[in-house]
Peer 1: 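One structure, as structure tokens, below. Some questions next.
Below, chains carry the letters A, B, ... as their sequence lines are ordered, and counting in each starts from 1.
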Number of protein chains: 2
Amino acid sequence: MNEKKHLLTMTALDLFYKNGINSVGINEVLKASGVAKKTLYNHFVSKDALIIATLEYRHNVFLHWLKQSLANSTTNEELVRYLFNALTRWFNNEVPELTSFNGCFFINAAAECAGQSEEVITYCRFHKGQVRQLIASHMQTIDEQLLDMICLLKEGAITSAYVSQDLQAAQKCLPWLMSYMKK
Amino acid sequence: MNEKKHLLTMTALDLFYKNGINSVGINEVLKASGVAKKTLYNHFVSKDALIIATLEYRHNVFLHWLKQSLANSTTNEELVRYLFNALTRWFNNEVPELTSFNGCFFINAAAECAGQSEEVITYCRFHKGQVRQLIASHMQTIDEQLLDMICLLKEGAITSAYVSQDLQAAQKCLPWLMSYMKK
DNA sequence: ACACAAGGAGACCGATTTGTCTACCATATA
DNA sequence: TATATGGTAGACAAATCGGTCTCCTTGTGT
């Protein structure tokens, strides 16, 4: 990708994730990145296109981080432990590449762009599906019900960590899942 | 509450919940409610005040609905069943007073107003705390871990129902919780 | 009957929004 | 050296934002 385009995408993601997509104007992105307005519209046809680009970038970073976090898991127990420990590190700002925790960018974006950009919501759904698929691919024995529960608890933990500031939300899920798998 | 003020609050809530707080302007609320701008600013000092009013109104409606949904529960098993069945009805638009399902208004508001209005986020946290307390008050035997899990699964179900359009998310939680309590 | 309060309609303000356009500059390549 | 490319800086447009204000009408209580 072009250097300026990449810079614009990263800058926009930072601002969108921190302050909300609708609260950040194009001019703010330009000022923060030091890029001219014409250059932005040379690479993106509209602000919506820039938003989609930030979603794609965040998706790649997030999936890369998650893939690495789960890489060494060989059993369902390990998968669960690695996953929710990784979430805890994310919540507590111990994962630099995900930047300061502000909830799930895709949940936030879906909430902000409701009835405004169908494309955004579609991409958020796609992201959640990809994450689920990645988790499933690390399961030794496929257990659809366990997969459902892992994903539900994951979403709940992210939301609780963000809205209720319960930074230990992910840790609370672990004993529960462990005791289920031991049966 | 004053009639016009109440009308404004309900109209604003409808629009905010459906299209997002930041996507809906004051003028749109005025047009939809047929109220004059001066009347709005006679009752609310700013748009932020109107937003808070919609949060309070939604909070009251939601808690009233939840209280009624849990009223007949006498055991922890019944509490869980009533709660997640109620959520399923909500997701599937079978609860008129909650209007067409668009996720949790408070999660959405928190996502939209990040780094913009601290008061909004504080109220969203308050709401989540009140809901947790209501659930706790219906527990026959206090089990803090069970309470954590119920709340985490509830948040996860709401998010999954909204973002991933999994309208059966709440139902998936039931067998798990039941089997846990049977132990 | 009169005074006062509340609301309606909407002009208006300044700031900000996304997006376009012009003018100019730097660099690289033929 | 000539030209094309891709950048900067920023004026500008049209719309919209939240918010204030004036003018006029419609009650309502005394």
Side-chain angles (χ1 to χ4, degrees), chain A residues 1-55 108-109 111-121 123, chain B residues 1-57 108-109 111-121 123:
Chain A
M1 197 190 301
N2 180 282
E3 179 202 351
K4 296 287 174 182
K5 188 172 184 178
H6 191 232
L7 173 62
L8 282 167
T9 305
M10 286 195 306
T11 307
L13 173 59
D14 267 352
L15 293 171
F16 288 166
Y17 183 47
K18 200 195 309 172
N19 300 325
I21 292 175
N22 283 324
S23 304
V24 176
I26 287 290
N27 294 308
E28 195 176 340
V29 176
L30 296 174
K31 194 175 178 183
S33 61
V35 172
K37 191 176 276 195
K38 188 173 183 184
T39 306
L40 189 152
Y41 283 98
N42 195 15
H43 290 298
F44 302 99
V45 298
S46 66
K47 187 189 178 182
D48 274 335
L50 177 61
I51 295 171
I52 297 292
T54 63
L55 289 171
N108 297 353
E112 281 207 74
C113 300
Q116 181 182 353
S117 165
E118 196 60 40
E119 203 178 353
V120 168
I121 301 177
Y123 195 91
Chain B
M1 195 190 303
N2 180 281
E3 180 202 352
K4 295 287 173 183
K5 188 172 184 179
H6 190 233
L7 174 61
L8 282 167
T9 305
M10 287 196 304
T11 307
L13 173 58
D14 267 352
L15 293 171
F16 288 167
Y17 183 47
K18 198 195 310 173
N19 301 325
I21 292 175
N22 283 324
S23 303
V24 175
I26 287 289
N27 294 305
E28 195 176 341
V29 176
L30 296 175
K31 194 174 176 183
S33 61
V35 172
K37 192 176 275 196
K38 188 176 181 183
T39 307
L40 188 151
Y41 283 98
N42 196 15
H43 289 297
F44 303 99
V45 298
S46 65
K47 187 189 179 183
D48 275 334
L50 178 61
I51 295 171
I52 297 292
T54 64
L55 289 171
E56 288 171 348
Y57 183 72
N108 297 353
E112 281 206 75
C113 301
Q116 179 182 352
S117 166
E118 196 59 41
E119 204 179 352
V120 168
I121 300 177
Y123 195 90

Peer 1: Quick one: does B:Thr11's side chain have a donor or acceptor within less than 3.5 Å of a partner on B:Leu7's backbone?
Peer 2: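 Such a contact is found between B:Thr11 side chain and B:Leu7 backbone.
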Peer 1: Assess, by modelled atom type and distance only, whether the side chains of A:Lys37 and A:Asn27 contain a donor and an acceptor separated by less than 3.5 Å.
Peer 2: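 There is such a pair between these side chains.
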Peer 1: Looking only at atom types and distance, does a side-chain atom of B:Thr39 sit under 3.5 Å from a main-chain N or O of B:Val35, one as donor and one as acceptor?
Peer 2: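 No: the side chain of B:Thr39 does not pair with the backbone of B:Val35.
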Peer 1: May I have the distance from B:Lys47 (atom NZ) to D:dG19 (atom C1'), rounded to whole angstrom?
Peer 2: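 Between C1' of D:dG19 and NZ of B:Lys47: 12 Å.
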Peer 1: Take atom CD of A:Glu119 as the centre, draw a 6.0 Å sphere, and report whether it contains more than 12 heavy atoms from other residues, nucleotides or ligands.
Peer 2: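 No, not enclosed.
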Peer 1: Report the distance from atom CG of A:Leu40 to atom P of D:dT8, rounded to the nearest whole Å.
Peer 2: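 After rounding, the gap between these two atoms is 11 Å.
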Peer 1: Using side-chain heavy atoms (C-beta onward) and a distance below 4.5 Å, is B:Asn19 in contact with A:Gln116?
Peer 2: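 The answer is no, as the side chains (C-beta and beyond) never meet within the 4.5 Å cut-off.
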Peer 1: Check the distance between D:dG19's C1' and B:Ile51's CD1 and give it to me in whole angstrom.
Peer 2: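 After rounding, the reported distance stands at 14 Å.
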Peer 1: For D:dG18, does either OP1 or OP2 sit under 4.0 Å from a side-chain N or O belonging to B:Ser46?
Peer 2: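 False: B:Ser46 side-chain N/O out of range (4.0 Å or more) of D:dG18 OP1/OP2.
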Peer 1: Regarding A:Lys4, tell me which of base, sugar-phosphate or nothing describes its non-hydrogen contacts under 4.0 Å with the strands shown.
Peer 2: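 A:Lys4: backbone/sugar contact only, no base atoms under 4.0 Å.
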Peer 1: Just the rounded figure in Å: distance from C1' of D:dA15 to CG of B:Asn27.
Peer 2: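 These atoms are roughly 12 Å apart.
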Peer 1: Check whether A:Asn108 reaches the backbone of A:Gly20 with its side chain - one donor and one acceptor, N or O, closer than 3.5 Å.
Peer 2: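 Checked: no pair found.
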Peer 1: In whole Å, I'd like the distance from the CG atom of B:Leu30 to the C1' atom of D:dG19.
Peer 2: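 Nearest whole value for this atom pair: 11 Å.
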Peer 1: Starting from P on D:dA13, measure out to NZ on A:Lys37 and report it in whole angstrom.
Peer 2: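 So the NZ-P distance, A:Lys37 to D:dA13, works out to 14 Å.
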Peer 1: I want to verify a distance call: between D:dC17, D:dG7, D:dT20, whose nearest atom is closest to the A:Asn42 side chain?
Peer 2: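 Out of D:dC17, D:dG7, D:dT20, the nucleotide with an atom closest to A:Asn42's side chain is D:dG7.
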Peer 1: Which two nucleotides bound the region of DNA chain C that has atoms under 4.0 Å from heavy atoms of chain A, read 5' to 3'?
Peer 2: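 Answer, 5' to 3': C:dT18 to C:dT22.
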Peer 1: Send over the distance from A:Lys38 NZ to D:dA13 C1', rounded to a whole Å.
Peer 2: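 Atom-to-atom, A:Lys38 to D:dA13, this comes out as 17 Å.
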Peer 1: Between A:Lys5 (NZ) and D:dG6 (C1'), how many Å, whole number?
Peer 2: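 Nearest whole value for this atom pair: 15 Å.
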Peer 1: Under the 3.5 angstrom rule, does the side chain of A:Thr9 hit a backbone N or O of A:Lys5 as a donor-acceptor pair?
Peer 2: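 Side chain of A:Thr9 to backbone of A:Lys5: a pair is present.
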Peer 1: For B:Gly34 and A:Tyr41, find the nucleotide of DNA chain C closest to each by heavy atoms; which residue's nucleotide sits nearer the 5' end?
Peer 2: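 Result of the comparison: B:Gly34.
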